[in-house]
Amino acid sequence: MKIISEASKAERVVAKHGKINTHRQEKKQLSVILKDLFISPIHLSWSWTCFNFFASYFVSWFFFAIIWYIIGLAHGDFAPESSRPAGHVVCVENLVDFTSSFLYSVETQHTIGYGGRAATTECPHAIIVMSLQSIIGSL
């Protein structure tokens, strides 16, 4: 019985109520946090953890929305239809401004369904970006 009581008095790495019983010898500097990026979020409060979770999605959507907007802008899809050359096919149908680019980014990343927006075969680089965004969104 003595062995069981001695083992139960040993301090745990994580206490029963969730407190982490590990301490760093170094000061909390940015370099220490970046070196230990996997473990550092464990020490964050739940509010920061939730914020980082939602912010990572928003940053991803915003980043790809900028890419979709640049693709449409470079291809001339945002010009009025009267000034486009005859037979011009857009890269993404119904992509008219940055707001619709952001919405298309969200729809692509979460495979919600496009409705009126869809990539065409006119721009192979748009298909590659769509594939990359789908893969990154599933990570």
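Distance SG/Cys91 to CD1/Ile127: 9.0 Å, rounded to 0.5 Å. Atom CD1 in Ile67 sits 11.0 Å away from atom NE2 in His125 (nearest 0.5 Å). Taking CG from Leu73 and CG from Leu95, the interatomic distance works out to 10.5 Å, rounded to the nearest 0.5 Å. Expressed to the nearest 0.5 Å, how far OG of Ser105 lies from OH of Tyr69 amounts to 15.0 Å. Interatomic distance, Ser101 OG to Ile66 CD1, rounded to the nearest 0.5 Å: 10.0 Å.
Not counting sequence neighbours, the partners of His110 by the side-chain contact (heavy atoms from CB on, under 4.5 Å) test are Tyr57, Trp61, Val106, Ile112. In terms of the side-chain contact (heavy atoms from CB on, under 4.5 Å) criterion, residue partners of Val96 (sequence neighbours excluded) are, by chain and number, Ser100. In this structure, the ring-ring contact (aromatic ring centres under 6.0 Å, His included) partners of Phe62, at least two apart in sequence or on a different chain, are Phe98. Residues satisfying the side-chain contact (heavy atoms from CB on, under 4.5 Å) test with Leu103, not counting sequence neighbours, are Glu107, Arg117.
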>> Between Met130 and Tyr104, is the side-chain contact (heavy atoms from CB on, under 4.5 Å) condition met? List the steps.
In response: CA-CA 10 Å; Met130 183 177 60; Tyr104 183 70; 3.7 Å; yes
>> Working note: Trp68 + Val92, criterion side-chain contact (heavy atoms from CB on, under 4.5 Å); need CA distance, chi angles, decisive distance, verdict.
In response: CA-CA 9 Å; Trp68 287 117; Val92 179; 4.0 Å; yes
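Between Val129 and Ile71, some side-chain heavy-atom pair lies under the 4.5 Å cut-off. With a 4.5 Å cut-off on side-chain heavy atoms, Phe102 and Phe58 count as touching.
Listed here is the closest heavy atom pair of Val90 and Glu122: O-CB, 3.9 Å. Scanning all heavy atoms of the two residues, the minimum distance from His75 to Val89 falls at CE1-O, 2.9 Å.
Although no hydrogens or angles enter the test, the distance criterion places no donor-acceptor pair under 3.5 Å between the side chain of Ser60 and the main chain of Ser56.
Apart from Leu139 itself, the hydrophobic cluster it occupies contains nothing, where clustering links Ile, Leu, Val, Met, Phe, Trp and Tyr at side-chain heavy-atom distances under 4.5 Å.
For residues 81-94, the side-chain hydrogen bond (donor to acceptor under 3.5 Å, both in side chains) pairs, not counting sequence neighbours, are Asp77-His88.
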